[in-house]
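Reviewing the structure listed below.
Every chain is numbered from 1 and lettered A, B, ... according to where its sequence line falls, protein lines coming before strand lines.
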Amino acid sequence: MLPLFIIVPLCGAFLIPLLSRLWKGLADVVGNLVGAVLVGFAVYGVAALAGGSLPAVYAMGGWMPPVGIVLVYDSLTALVVLITNLVGFPALLFSTRYLDQYTGRWKYYSLFMLLLAGLNGVALSGDMFNMFVFIEIAAIASYALVAFGTRAEELESGFKYMVMGEVGSLLILLSVAMLYAHTSTLNMADMARVLQAGGLTPLSWFVLATMLVGFSIKMAMMPFHSWLPDAHLSAPAPVSAMLSGVFIKVLGVYAMSRVVFNVFGLTRSVAPQFFNLLVGLGLLSIIAASLLAINQKDYKRLLAYSTVSQVGYIVLGLGIGNYWAIVGALFHVLSHAVTKGLLFLASRSIERQTGTREIGNLGGLERNMPVTSWSYVLGSLSMSGVPPFAGFFSKLFIIVGAVEARMYWPAIVAGLFSVLTLGYLLKVINNVLFVNRDRNSSLVREAPAPILVALVMLTALALAFGLGFRPVLDWIVNPAAKVLTIPLTYAQMVLGG
Amino acid sequence: MVPFIACLLLFLLGLYAIVLKRNIIKIIIGFSLMEYAVNLLFAFIGFKQGAIAPIITRLGMTQDFVDPLPQALVLTSIVIGLATTALMLAFAMRIYEKYHTFDITEIRRLRG
Amino acid sequence: MSRGMTVIVQSVTRLVAGMLFLFGCYIVLHGHLTPGGGFAGGVLIAAAFILVSLAFGSVENVEQHRYTFSSVFESLGGLGFLAIGLAGYLAGHQFLSNLWPKVGEPLTLFSAGTIPLANIAIAMKVGAGLFAIFLALGASRFVMKD
């Protein structure tokens with residue numbers, strides 16, 4: 001069961017170039033089919049994990065750990081795989097109508113499938129080097145996808161993104177090399193045993209530092225964020241949704257927290273300096289990116305800066321490091337993935353129908369595009385933490401965690417800048433959707449059906465995560481937070497005892 | 001210890017080229033340097049004095065092998081490096097077609 | 001544009017290209033016994049094709065066909081590798097399990113179960129992929145037009 005998460009998109013990636021030679025439309029069909037199947041697998045995986053009927057460790061080729069390569073499916077992996085595929089399927093559905101302007105759709109779908117395979121692989125891999133390989137698969141696919149339009153600006157931002165992303169990847173590879181030199185194993189659980197028995201040496205601090213920089217580039221944390229706004233501006237909207245919603249969380253947040261919490265076994269009491277650094281970086285991202293977002297005139301760039309600031313919340317939650325803060329961070333991973341994906345798709349739907357991205361040129365779209373507009377409104381409300389949406393609970397848990405850890409300033413900053421998020425998102429909602437009806441020509445029509453279906457799906461998910469936060473918390477987030485807060489369970493689960 | 005420091009120096013040299021050089025081709029060469037530095041580090045990690053290459057040419061061999069795992073990892077990372085270098089060169093070519101220059105200070109059509 | 005390079009290069013290519021191709025095949029087929037394997041052999045095979053392409057040149061039509069062929073072969077190679085992996089899975093073992101690990105004499109050509117088959121699939125993928133990269137970089141004017 002577990003390798004199918006990787007095999008199915010890979011099969012799709014290799015089948016699409018062949019089948020689309022027979023008939024061009026098959027690329028859409030196969031791509032969306034794979035997306036739907038993966039959603040089914042991910043949901044089944046969560047249910048099976050809750051029921052205890054899924055083997056959590058899968059030894060590839062029958063070679064047992066620590067020698068062989070393993071796939072590990074624990075609660076944290078389940079959460080990450082779930083968001084990957086829940087956002088991936090609507091993005092694929094959106095792509096069917098989005099790609100009308102481009103030639104070579106099979107290349108797009110093939111790359112998108114590789115991106116999905118890479119993201120699922122990062123989440124599932126229980127082996128350090130394999131995780132790096134999947135990171136690279138996802139990253140290379142995303143570089144090519146960002147520059148897919150091959151206009152001058154798109155190539156420029158794609159190259160910029162690629163340079164920064166590759167520096168991050170090579171830093172990660174360097175730290176994997178040093179971890180191997182230090183522990184003589186690549187299996188993450190085995191590595192955790194060796195590292196936790198040996199304590200923190202100067203070498204482990206060096207490895208942690210290079211890893212932190214590498215993953216920070218991948219998750220666009222504040223000093224390393226500069227690739228993200230440009231990449232979002234030029235990427236196709238479904239790719240933006242994947243990048244902002246899933247990519248930076250899987251490659252950055254998930255991979256880093258897996259390494260920091262489960263492999264190094266760090267907790268706040270062991271390494272307070274490291275966690276304070278995370279809190280500082282998180283606060284920097286929240287504050288600076290929010291302030292940058294307010295002044296943007298282009299609503300896609302505004303959303304990109306808002307992503308940087310929301311990642312700050314996640315890192316803040318991880319940095320606070322107690323149970324509620326981590327629950328909040330993981331819940332924010334879940335809610336932000338869905339809502340930011342929704343916002344990017346909705347804003348592209350507006351751009352597609354009106355032909356502009358300037359906030360100042362738009363107005364009163366609510367009358368002509370009700371579905372797009374209301375999904376945008378609901379997404380914005382969830383993003384900025386208005387009850388009873390998903391974003392409210394995630395930020396609430398982070399603030400509760402901060403107060404519990406007696407970090408009052410971070411709690412206050414998180415609360416205040418959540419209001420600021422509402423402010424800049426309301427600016428867009430108000431100007432673009434409701435007032436200035438005179439700017440709107442009555443010729444603007446609602447987007448075509450596949451786009452609306454994608455938007456409605458994501459809106460429904462955002463609402464469901466908010467209104468049904470109790471079951472989501474019980475089944476998905478709490479078990480995942482337990483994986484992170486009890487560092488030793490991971491090694492015990494994989495190696496058995 | 002010396003080989004490891006040499007690898008790190010090579011890595012930093014590549015980083016220097018990426019950060020400070022203005023020509024896109026030189027930046028790509030910087031990436032190749034960084035990759036080779038990490039590959040070399042892997043090779044050093046697996047090295048053992050007096051051991052032979054890890055290939056079984058007959059049954060029942062008793063000599064010491066060098067660690068074969070880093071070699072497999074190097075091979076994988078070479079493949080990844082091939083893909084990234086090819087993609088970067090493709091980017092460089094398309095950028096040259098659009099901007100008619102390899103100088104990154106002149107490739108600034110995006111603001112911010 | 002005159003096609004290809006000088007007569008010297010072309011004659012040497014005629015001599016060498018076939019041997020390069022054969023040597024690549026040898027490296028692939030003996031991948032489970034000697035250094036090398038799917039990737040190294042695939043690169044050699046691609047090198048043979050690239051050499052021919054460079055020495056004799058080509059026109060847009062031919063280039064398009066070569067690109068189509070190499071792209072199809074690349075996909076087939078990838079699918080082949082997945083099929084070998086899935087064969088182990090469908091036979092009731094784990095994904096990528098070796099189906100017949102004990103078949104054949106150890107250290108001879110016919111041994112090691114599905115590993116040589118996987119090597120061949122990888123060689124197809126790598127050889128065709130590398131050749132496609134070469135075509136795409138060297139002839140982006142033709143190929144990228146789709």
Query raised in the report: Heavy atoms under 4.5 Å from chain B: which residues of residues 125-133 of chain A carry them?
Result: A/Phe129, A/Phe132, A/Val133
Requested in this report: Please report the shortest heavy-atom distance between B/Phe91 and A/Ala147, naming the atom on each side.
Outcome: CE2-CB, 3.2 Å
**Report entry** OH (B/Tyr36) with more than 12 external heavy atoms under 6.0 Å
**Finding:** no
Requested in this report: Go through the atoms of B/Phe31 and report whether side chain, backbone, both or neither lie under 4.5 Å from a heavy atom of chain A.
Outcome: both
Query - Distance (rounded to the nearest 0.5 Å) between A/Met164 CE and B/Ile18 CD1 - result: 11.5 Å
Query raised in the report: Which one of A/Val176, A/Leu173, A/Leu186 satisfies the side-chain contact (heavy atoms from CB on, under 4.5 Å) criterion with B/Leu73?
Result: A/Leu186
Report summary line: Bottom line for B/Ile95: the part with an atom under 4.5 Å from chain A's heavy atoms is both
Report task. Determine the minimum heavy-atom distance between B/Met88 and A/Phe159, stating which atoms define it. Result -> O-CE1, 4.3 Å
Report task. Taking the side chain as every heavy atom from C-beta outward, state whether B/Leu41 and A/Met178 have any pair of such atoms under 4.5 Å apart. Result -> yes
**Report entry** Region of A/Glu166 that comes under 4.5 Å of a non-hydrogen atom in chain B
**Finding:** both
Report summary line: Separation between CG (A/Leu170) and CE (B/Met34), nearest 0.5 Å, reads 5.0 Å
**Report entry** From OG1 (B/Thr84) to CD (A/Glu136), nearest 0.5 Å
**Finding:** 6.5 Å
Query raised in the report: Does a sphere of radius 6.0 Å around CZ in B/Phe65 hold more than 12 heavy atoms from other residues, nucleotides or ligands, not counting ones at 6.0 Å or beyond?
Result: yes
**Report entry** Test item: A/Tyr180 and B/Leu69 side chains (from C-beta on) under 4.5 Å apart, heavy atoms
**Finding:** yes
Query - Rounded distance [0.5 Å steps], CZ in B/Phe11 versus CG in A/Leu171 - result: 4.5 Å
Query raised in the report: Looking at B/Pro70, B/Ala83, B/Gly14, B/Cys7, which makes the most heavy-atom pairs under 4.5 Å with chain A?
Result: B/Pro70
**Report entry** Best-contacting candidate, A/Leu292, A/Ile140, A/Ile137, against chain B by heavy atom pairs under 4.5 angstrom
**Finding:** A/Ile140
